Amino acid sequence: MNEAPPAASAEPETSGAVGTDDKPIHILWINAGLSCDGDSVALTAAMQPSIEEIALGGLPGLPKIAVHWPLIDFECGPVGGADTFIEWFFKGERGEIDPFVLVIEGSVPNEAIKKEGYWCGFGDNPETGQPITTSEWIDRLAPKALAVVAIGTCATYGGIHAMAGNPTGAMGVPDYLGWDWKSKAGIPIVCVPGCPIQPDNFAETLTYLLYQAAGSAPMIPLDDKLRPTWLFGATVHEGCDRAGYYEQGQFALSYDSPQCLVKIGCWGPVVKCNVPKRGWMNGIGGCPNVGGICIACTMPGFPDKFMPFMDEPPGAKLSTTASGAYGGVVRKLRTMTTRTVDKEPKWRHTGRKLTTGYRPPW
Ligand code: SF4
Ligand code: SF4
């Protein structure tokens with residue numbers, strides 16, 4: 001189980017509250033950073049709550065929202081037409097749909113490192129017919145947003161596109177806007193990493209922000225990497241189904257084993273992620289639980305600091321040797337205990353004699 005989201009503290013801070021009148025809170029979703037759209041796809045599997053529950057107002061006290069998300073939006077007309085998807089983003093820039101939450105998916109390439117062309121864009125500028133770059137949209141919209149949310153490891157910390165040797169100078173949203181950046185409502189950038197995100201982690205974070213906007217929740221608690229603390233406070237190892245094997249010094253050397261995967265490359269002991277606890281969809285799955293090593297996809301140092309994948313992580317040799325020696329002793333003692341507790345107590349028997357140790361008080 002995840003820790004429950006924190007209850008309102010004794011001194012509730014309700015920055016960002018915009019009330020619950022009939023005005024919807026718009027969600028402007030830019031999925032045009034460098035990404036595979038995997039976070040959008042993953043989110044369709046959210047259950048706690050589901051996207052339908054958020055978008056259709058199925059949760060009590062949740063403000064009305066209007067979602068402008070390329071993955072599900074049916075508005076697909078040309079610029080200037082009756083059903084122009086991109087028009088909502090121009091409205092956001094003009095201040096016509098205040099308040100809105102800006103969601104950014106994908107890493108932000110550095111458009112300043114070249115003389116011509118562009119790395120990625122989102123819609124065209126009606127005046128020039130040229131694409132509007134993703135970073136220009138962030139420049140236009142972030143100052144007007146109630147909150148900026150980076151979804152997925154690309155948008156939060158740069159991810160795969162920001163690997164050593166990449167040509168785009170890609171970075172995460174906090175690198176682009178500044179780690180101390182705050183929205184006009186005083187909310188820091190909210191980062192929900194994952195490659196892709198665990199769907200419920202994002203749905204829950206968005207829901208939290210909407211309750212905060214309605215004045216029903218205190219300031220979202222974030223750690224120093226701008227992650228919601230209640231979701232990213234524990235390591236993969238702390239929630240892994242195989243942690244008992246680690247503690248007993250039993251390590252898999254191939255993938256067909258139920259034992260701990262650290263010797264074949266699992267980084268779980270040092271990675272902040274709740275996926276083994278939460279599962280992937282509806283509580284099912286969760287990398288090491290189902291046989292996949294943790295490759296640390298939620299971490300700011302991903303992927304460079306965790307490569308090559310499938311090698312024993314540094315430090316694992318020492319810790320598994322210690323755990324192996326200590327775990328071997330513990331295992332022997334446990335085997336003896338298991339033999340004892342795996343049998344019924346001897347006083348459960350037929351016959352005329354009571355051997356339970358009962359002593360009548362008279
Ligand atoms: S498989 Fe990974 S996360 Fe699970 S117990 Fe082993 S090292 Fe820890
Ligand atoms: S368990 Fe590891 S590989 Fe799996 S989602 Fe979490 S950080 Fe990524």
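All values below come from the heavy atoms of this structure, side chains included, with hydrogens, waters and symmetry mates left out. Order of appearance sets the numbers: ligands from 1, and atoms from 1 within every ligand. A quick note: this is a predicted structure, and the numbers were derived from the prediction, not measured.
Close contacts between ligand 2 and Thr298 involve ligand atoms 7 (S) [criterion: under 4.0 Å to a heavy atom]. Atoms of ligand 2 found under 4.0 Å from any heavy atom of Val271 (numbered from 1 in listed order, with element): 7 (S). Ligand 2 places these atoms under 4.0 Å from at least one heavy atom of Cys287: 1 (S), 3 (S), 4 (Fe), 5 (S).
Closest to atom 2 (Fe) of ligand 2, if we only count protein heavy atoms, is Cys294 SG, 2.3 Å. Closest to atom 3 (S) of ligand 2 among all protein heavy atoms lies Ile295 N, 3.4 Å. Here the protein heavy atom with the shortest distance to atom 6 (Fe) of ligand 2 is Cys273 SG, 2.3 Å.
For Thr84 and Glu75, the side-chain atoms include no donor-acceptor pair closer than 3.5 Å. Residues Thr133 and Trp119 bring no donor and acceptor atom of their side chains to less than 3.5 Å of each other. Side-chain polar atoms of Thr355 and His349 form a donor-acceptor pair below 3.5 angstrom.
Among Cys297, Gly194, Cys195, Pro193, the residue whose heavy atom sits closest to atom 8 (Fe) of ligand 2 is Cys297. Nearest to atom 1 (S) of ligand 2 by heavy-atom distance, out of Val236, Asn274, Thr235, is Val236.
Under 2.8 Å from atom 6 (Fe) of ligand 1, one finds the following protein N/O/S atoms: Cys260 SG.
No option in Phe85, Trp29, Trp88 other than Trp88 meets the ring-ring contact (aromatic ring centres under 6.0 Å, His included) test with His68.
Contact annotation for Trp280 and ligand 2: only side-chain heavy atoms (C-beta onward) come within less than 4.0 Å of the ligand.
The side-chain hydrogen bond (donor to acceptor under 3.5 Å, both in side chains) search around Thr235 returns Glu238, not counting sequence neighbours.
Contact check on Glu204 versus Arg278 returns a salt bridge, with a Lys/Arg side-chain nitrogen under 4.0 Å from an Asp/Glu carboxylate oxygen. A salt bridge links Arg140 to Glu136: at least one charged side-chain nitrogen sits closer than 4.0 Å to a carboxylate oxygen. A salt bridge between Arg242 and Glu247 is absent, with no side-chain N of the basic residue lying under 4.0 Å from a carboxylate O of the acidic one.
Heavy-atom contacts from other residues, nucleotides or ligands closer than 6.0 Å to CH2 of Trp179 number more than 12.
Geometrically, Lys272 does not engage Phe232 in a cation-pi contact, judged by NZ or CZ lying under 6.0 Å from the ring centre and within 45° of the ring axis.
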